[in-house]
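Shown next, in structure tokens, is the structure this report addresses.
None of the values given here were measured: they were computed from a predicted structure. All ligand and atom numbering here is 1-based and tracks the order in the structure. Just so it is clear, the values below take in all heavy atoms, side chains as well, and ignore hydrogens, waters and symmetry mates. Along the sequence shown, residues are numbered consecutively beginning with 1.
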Amino acid sequence: MSERETWATRAGFILAAVGSAVGLGNIWQFPFKTAQFGGASFLVVYLIAVFGIGLPAILAEFVIGRRAKLNAVSAFGNLGYRQWRFVGALGLFTGFWILSYYSVVGGWVIRYIWGSATGAYFTDSAAYFGAVSAGLDAVALHAVFMFLCIFIVALGIEDGIEKATKVMVPSIVVILLGLAAYGTTLSGAGAGYDYFLSPDFGALMSNIGDIVPFAVGQAFFSLSLGMGAMITYASYIDGEDSLVADGSTIVVLNTFVGVLAGFVVFPLLFAQGIDPNTSGPGAVFVSIAGAFANIPAGRAVGVVFFLVVLIAALSSAISLLEVVTSYIIDNYDVGRAPTATAIGVGLFLLGLPSAFDTAWLGWFDTLAYQLLLPVSVLLVLVFVGWILGGEALSEVMKGSSLGDGFGTTWLWMVRVVVILAVLGTLALGIQTLFLGSEPAIVPPL
Ligand code: PFF
């Protein structure tokens with residue numbers, strides 16, 4: 001078997017991981033939930049969740065990947081715990097499941113780039129969404145999105161994913177900055193910022209029991225945890241640089257993009273007096289598209305906006321395709337390109353129900369978000385904290401100038417605090433899923 005690939009540079013790894021993290025979750029979900037759950041007050045809760053819970057958890061995935069230098073499933077066996085490979089398999093399955101419908105949404109985004117250029121949705125954005133979100137059009141563009149993913153992953157780690165994300169991630173930031181600057185010129189900008197961030201302690205406190213687990217769940221989803229992605233990406237690290245430094249950079253950039261997205265979407269919506277308090281898959285497409293119909297240079301701004309969403313979605317999606325691809329090519333003597341293609345075809349097929357009916361998409365998403373993801377994250381944490389233990393500790397401290405106290409704190413955070421936090425999101429998810437209570441965590445679309 002040929003030698004396993006690695007990232008060419010440390011920055012390459014960081015950018016690829018940021019590419020995985022920054023996705024629809026940041027641009028769609030994060031700004032709207034922040035606004036709804038108390039603006040700046042929620043942001044404080046989220047920051048605590050993402051740094052206090054998300055960062056230790058992403059380090060746990062990095063530890064497995066870099067130490068084993070194998071795909072997300074075989075890594076557990078390579079570390080000497082073959083019986084724990086089911087945890088990796090669950091992550092792989094979760095990633096596969098998520099990517100199947102994420103690709104359908106990616107197809108919608110491609111459609112909206114075109115719709116912006118032609119102004120197709122300008123007269124009735126709700127009717128347009130209804131027409132393009134399900135059916136043969138959606139199927140065709142789901143195929144196109146999947147093809148783009150296959151193309152990048154087939155080229156390999158260094159020549160495909162690393163090169164692509166090196167361009168994509170900076171583009172996301174630059175384009176969003178440009179759109180945010182444009183947003184300042186719109187008449188509704190002030191009201192938009194106000195809606196986004198003005199602290200509403202009452203809104204936060206009145207629902208704190210749901211909001212805290214939501215913030216934790218959002219942190220996990222946004223950091224692409226529980227899907228095998230971060231284990232897989234870390235398995236291609238060559239050097240022994242500080243995982244803590246890399247992980248912190250990734251978390252900071254990911255959070256920054258989410259906040260920046262809020263500075264883009266709310267001025268657009270408020271310029272038109274559109275109610276941002278809508279929910280359900282597609283609501284954001286309808287409301288944002290409605291805004292482009294009436295603002296200055298709406299077509300061009302719409303094209304650019306949906307383009308940045310597409311780049312973000314694509315740089316996330318390739319990380320999940322890579323999870324499965326690396327599992328196959330690590331274990332069987334098959335080429336990367338045919339493997340990525342075959343998996344892509346499988347994903348396309350699994351995505352068909354979602355492409356034909358948005359209700360299916362919602363169901364796939366709910367199951368992943370409420371159940372598969374938290375269970376998968378939980379098992380990874382138990383493995384790293386309680387099974388690997390000291391071995392994980394020495395891996396996380398490699399290349400780090402932080403004292404031993406940091407490592408011990410990290411380990412105990414993983415062992416107790418982070419695990420309890422995941423149990424909280426899981427309890428909320430199960431309650432939503434099986435007891436039919438009002439979903440506090442709406443699907444991240
Ligand atoms: N971190 C990604 C996001 O926020 O959109 C989560 C993700 C979803 C990654 C789907 C990859 C993916 F295919």
Side-chain angles (χ1 to χ4, degrees), residues 15-34 46 49-50 54 57-58 61 72 91-109 142 145-146 148-150 152-153 161 164-165 168-169 172 176 214-233 247 250-251 253-262 281 284 308-325 340 343-344 347-348 350-351 354 361 364-369 372-374 376-377 441-445:
L15 286 176
V18 173
S20 173
V22 169
L24 298 176
N26 302 61
I27 302 181
W28 275 171
Q29 173 87 336
F30 178 75
F32 288 89
K33 288 289 129 188
T34 300
Y46 181 75
V50 82
I58 202 174
E61 292 211 358
L92 181 141
F93 175 78
T94 304
F96 192 80
W97 181 267
I98 293 177
L99 184 50
S100 75
Y101 64 84
Y102 202 79
S103 168
V104 174
V105 180
W108 296 352
V109 178
H142 163 46
F145 184 86
M146 197 38 80
L148 294 173
C149 296
I150 293 170
I152 297 172
V153 170
I161 297 178
T165 47
M168 289 161 111
V169 171
I172 294 170
L176 283 178
F214 168 79
V216 174
Q218 173 70 17
F220 288 135
F221 183 81
S222 190
L223 292 173
S224 303
L225 297 173
M227 316 172 186
M230 292 304 176
I231 298 180
T232 305
Y233 272 9
I250 293 160
V251 173
L253 283 172
N254 182 54
T255 308
F256 172 73
V257 172
V259 174
L260 184 57
V284 184
V308 76
V309 176
L310 176 64
I311 301 172
L314 203 53
S315 64
S316 294
I318 54 176
S319 69
L320 295 191
L321 183 56
E322 179 59 28
V323 170
V324 193
T325 304
I343 298 163
L347 282 161
F348 171 74
L350 183 63
S354 302
L361 195 152
F364 265 68
D365 186 40
T366 305
L367 189 71
Y369 203 66
L372 296 175
L373 276 179
S376 176
V377 173
I441 306 174
V442 295
L445 294 173

Given Val309, which of Val105, Leu176, Ile27 fulfils the side-chain contact (heavy atoms from CB on, under 4.5 Å) condition?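 Running side-chain contact (heavy atoms from CB on, under 4.5 Å) over Val105, Leu176, Ile27 with Val309 returns exactly one hit, Ile27.
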Do the ring planes of Phe364 and Tyr101 sit parallel (below 30°), tilted (30 to 60°) or perpendicular (above 60°)?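 The rings of Phe364 and Tyr101 stand perpendicular, inter-plane angle above 60°.
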Hey, can you tell me if Tyr369 and Phe221 have their rings parallel, tilted or perpendicular (30° and 60° cut-offs)?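 The rings of Tyr369 and Phe221 stand perpendicular, inter-plane angle above 60°.
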Spacing of OG belonging to Ser20 relative to CG belonging to Leu320, to within rounding of 0.5 Å: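 Going from OG on Ser20 over to CG on Leu320, the span is 6.0 Å.
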For ligand 1, what is the set of protein residues having any non-hydrogen atom at a distance below 4.0 Å? Ser20, Ala21, Gly23, Leu24, Gly25, Asn26, Ile98, Leu99, Tyr102, Phe221, Ser222, Ser224, Met227, Ser316, Ala317, Leu320
Asn26 side chain vs Asn254 backbone, donor-acceptor pair below 3.5 Å: yes
We want to know whether Thr94 and Ser376 form a side-chain donor-acceptor pair, criterion being a heavy-atom distance below 3.5 angstrom. no
